[in-house]
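Structure first, commentary second.
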Amino acid sequence: MKIGYPCINWSIGCKGDRTFRLKSYSEEKLIETVENNLNCLEKMLEYNFKNNILFFRITSDLIPFASHPICKFDWQDYFKDKFQDIGRHILKYNMRISMHPDQFIVLNSKSRKVVERSIAELYYHSEVLDLMKLKNDSKIQLHIGGRYDDKNKSISRFIDEFKRLDDKIKNRLVIENDDHIYNLNDCLILSEKIDIPVLFDNFHHLIYNNNEDIRNCYKFVNETWNDEDGIPMIDYSSQKPGSKIGSHAENIDLLDFKNFIEKTEPFNFDIMLEIKNKEKSALKAIEIIKNDVRFEKRQ
DNA sequence: TCACGTCAAGCAGAT
DNA sequence: ATCTGCTTGACGTGA
């Protein structure tokens, strides 16, 4: 059971998601920015290793405009050695990596242009993981997409597009339940059809579910991940007190987290904390697991 | 140095 | 119609 946080570390004064405006695009600027981003990524991973945080989500902004037509630069080749170096560290540290393309990536869009752009962006994500030579247990997590007033047709479009994807994307893609269109049940049904792992998001599930027995959920989710995929990844968050339903907490709610871990027994997962203060909450979560003998066997 | 308008990209739901 | 949230502010021009 690895604990992680997404994309940004607030403690080390360096973030790996620096970008710039399309208008100011130049190769020099791209190289300079990516150099910074990769160096910061390295530092964040070092910090994580020292603190036993062995799960991390790499930002989609690592290579700005990587999938945009304006980018003709062969960043894959230029940064090949650096990527390999980072990848070697990840493997040596026994870390797990995920990525999460942002809201513009909609594989089941009704617009062909949006679908093509989405595929290009997914390709970029898989290139990053491939350049680091990470195994297929490093995943790219995506929601199923839009509803467009017809869920069945929209799911069919997802299936059609998925089947046409390059194997290197297919081998890394996992689907995540969202909090208002496609819930866990939808993901499990789709998973059965195209054999794709389901990444369970407990907070989305809390907001949007089918009143399932939670232990059954973990059981079914668990079955969608095979040996090559690694143990299942889970996104964990809790409600920000006093805020709109669905707002992610600033700080980890230790009682809720403990409760959550207890309920997932006996399954083993890697847990991504979608909590705003990032590494601070990860450190607390790791303490909880370390100090509870019941959780020992699942480490 | 700082204020502030704007930023590659989609979609749904609230106002 | 327009705004907001999503995983998250921050780029960069103009004064």
Side-chain angles (χ1 to χ4, degrees), chain A residues 4-10 13-26 29-30 32-33 36-37 40 44 55-71 97-125 139-151 153-155 157-158 161 174 176-183 186 199 201-204 207-208 233-240 243-250 252 271-282:
Chain A
Y5 61 94
C7 307
I8 296 170
N9 180 305
W10 295 110
C14 174
K15 305 208 312 316
D17 66 345
R18 220 172 74 189
T19 185
F20 51 88
R21 297 284 197 259
L22 181 58
K23 263 202 287 191
S24 56
Y25 182 90
S26 72
K29 199 150 188 158
L30 180 72
E32 187 200 321
T33 305
N36 168 269
N37 288 352
C40 288
M44 289 191 282
F55 189 21
F56 188 65
R57 183 185 298 163
I58 293 178
T59 175
S60 298
D61 289 333
L62 192 69
I63 318 285
F65 306 105
S67 71
H68 191 281
I70 199 171
C71 178
I97 297 295
S98 67
M99 295 185 84
H100 193 345
D102 63 28
Q103 63 268 31
F104 311 107
I105 308 317
V106 187
L107 201 52
N108 75 347
S109 175
K110 291 178 95 166
S111 146
R112 197 63 225 160
K113 219 176 123 189
V114 172
V115 174
E116 295 301 333
R117 273 205 303 263
S118 298
I119 293 171
E121 182 75 356
L122 288 174
Y123 194 83
Y124 147 63
H125 281 75
K139 294 301 188 188
I140 300 168
Q141 62 188 91
L142 195 65
H143 296 293
I144 295 174
R147 186 197 301 123
Y148 308 96
D149 294 324
D150 189 333
K151 222 160 151 172
K153 269 191 194 159
S154 299
I155 289 174
R157 272 200 311 283
F158 186 97
E161 294 304 332
V174 302
E176 175 191 351
N177 57 305
D178 65 64
D179 62 5
H180 62 136
I181 307 172
Y182 297 103
N183 61 27
D186 298 316
L199 190 154
D201 184 312
N202 85 303
F203 190 40
H204 291 159
I207 295 164
Y208 182 38
M233 295 174 172
I234 280 191
D235 279 0
Y236 166 84
S237 189
S238 62
Q239 177 63 39
K240 178 176 177 178
S243 272
K244 209 174 109 179
I245 295 291
S247 298
H248 291 245
E250 280 305 322
I252 188 166
I271 302 171
M272 181 61 62
L273 302 177
E274 293 193 326
I275 313 274
K276 305 232 179 187
N277 70 351
K278 309 282 181 183
E279 75 281 359
K280 287 202 170 59
S281 285

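To find a chain, count down the sequence lines: A is the first, B the second, and so on, and within it residues start at 1.
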In 5'-to-3' order, the base (B), backbone-only (S) or no-contact (-) status of each nucleotide in nucleotides 9-15 of chain C, using a 4.0 angstrom heavy-atom cut-off, is SBBS---

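Rounded to whole angstrom, the span from the CZ atom of A:Arg57 across to the P atom of C:dC6 amounts to 13 Å. Rounded to whole angstrom, the span from the CD atom of A:Gln103 across to the C1' atom of C:dC3 amounts to 15 Å. Rounded to whole angstrom, the span from the NE2 atom of A:His100 across to the C1' atom of C:dC6 amounts to 9 Å. The distance between atom CG of A:Asp61 and atom P of C:dC6, rounded to the nearest whole Å, is 17 Å. One atom, CE of A:Met99, and another, P of C:dT7, lie 16 Å apart when rounded to the nearest Å. Atom pair A:Leu199:CG and C:dT7:P shows a separation of 12 Å (rounding to whole Å applied). Atom CG in A:Asp179 sits roughly 9 Å away from atom P in C:dC6 (whole-Å rounding). Here C:dG5 presents its P atom at 15 Å from NE2 of A:His204, a figure rounded to the nearest Å.
Nucleic acid contact class of A:His180 (heavy atoms, under 4.0 Å, all strands): sugar-phosphate only. Heavy atoms of A:Ile70 sit nowhere under 4.0 angstrom from any nucleic acid atom. Residue A:Ser109 is classed as a sugar-phosphate contact, given heavy-atom separations below 4.0 Å to backbone atoms only. Nucleic acid contact for A:Glu274: sugar-phosphate only, since backbone atoms but no base atoms lie under 4.0 Å from a heavy atom of the residue. Residue contacts for A:Gly145: at a heavy-atom cut-off of 4.0 Å it reaches no nucleic acid atom on any strand shown. Within 4.0 Å of A:Tyr148, counting heavy atoms only, lie sugar-phosphate atoms of the nucleic acid but no base atom. Counting any heavy atom pair closer than 4.0 Å across all strands shown, A:Pro69 reaches no nucleic acid atom.
Using C1' as the reference atom, B:dC7 and C:dT4 are 16 Å apart when rounded to the nearest Å. Separating the C1' atom of B:dA8 from that of C:dC11 is a span of 14 Å, rounded to the nearest Å. Rounded to whole Å, the P atom of B:dC2 lies 30 Å from the corresponding atom of C:dC6. Here the separation of C:dG12 from C:dT8, taken at their P atoms, is 22 Å to the nearest Å. Annotation: C:dC3 and B:dG5 have their P atoms spaced 14 Å apart (nearest Å). Remark: the separation of the P atoms in B:dG13 and C:dT7 is 15 Å, to the nearest Å.
Using modelled atom types and a 3.5 Å distance limit, the side chains of A:Glu121 and A:Ser67 yield a donor-acceptor pair.
A 4.5 Å side-chain heavy-atom check between A:Leu199 and A:Met272 finds every atom pair outside the cut-off.
Remark: A:Arg112 engages A:Glu116 in a salt bridge, criterion side-chain N to carboxylate O under 4.0 Å. Residues A:Glu176 and A:Lys139 are not paired through a salt bridge, judged by the lack of any N-O separation under 4.0 Å between the basic side chain and the carboxylate.
On the nucleic acid side, DNA chain B contacts chain A at distances under 4.0 Å to non-hydrogen atoms, with the end points of that region at B:dG5 to B:dG13.
Judged by distance alone, with hydrogens and angles left aside, the side-chain atoms of A:Asp201 form a donor-acceptor pair with the main-chain N or O of A:His204 at under 3.5 Å. At least one donor-acceptor pair under 3.5 Å links the side chain of A:Asn108 to the backbone N or O of A:Gly146. A donor-acceptor contact shorter than 3.5 Å is absent between the side chain of A:Glu250 and the backbone of A:Lys240.
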With pairs defined as Watson-Crick or G-U wobble and both distances under 3.5 angstrom, please note down DNA chain B as a dot-bracket string, | for pairing with another strand. |||||||..||||||

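Between the CD1 atom in A:Ile70 and the CG atom in A:Leu22 there is a gap of 4.5 Å [rounded to 0.5 Å]. Rounded to the nearest 0.5 angstrom, A:Leu273 CG and A:Arg57 CZ are separated by 10.5 Å.
None of A:Asn36, A:Thr59, A:Leu62 except one satisfies the side-chain contact (heavy atoms from CB on, under 4.5 Å) rule with A:Asp17; the exception is A:Thr59.
At most 12 heavy atoms of other shown residues, nucleotides or ligands fall within 6.0 angstrom of atom NZ in A:Lys153.
Less than 6.0 angstrom separates the ring centroid of A:Phe203 from the ring centroid of A:His248.
Under the 30°/60° scheme for interplanar angles, the aromatic rings of A:Tyr5 and A:Phe56 are found to stand perpendicular.
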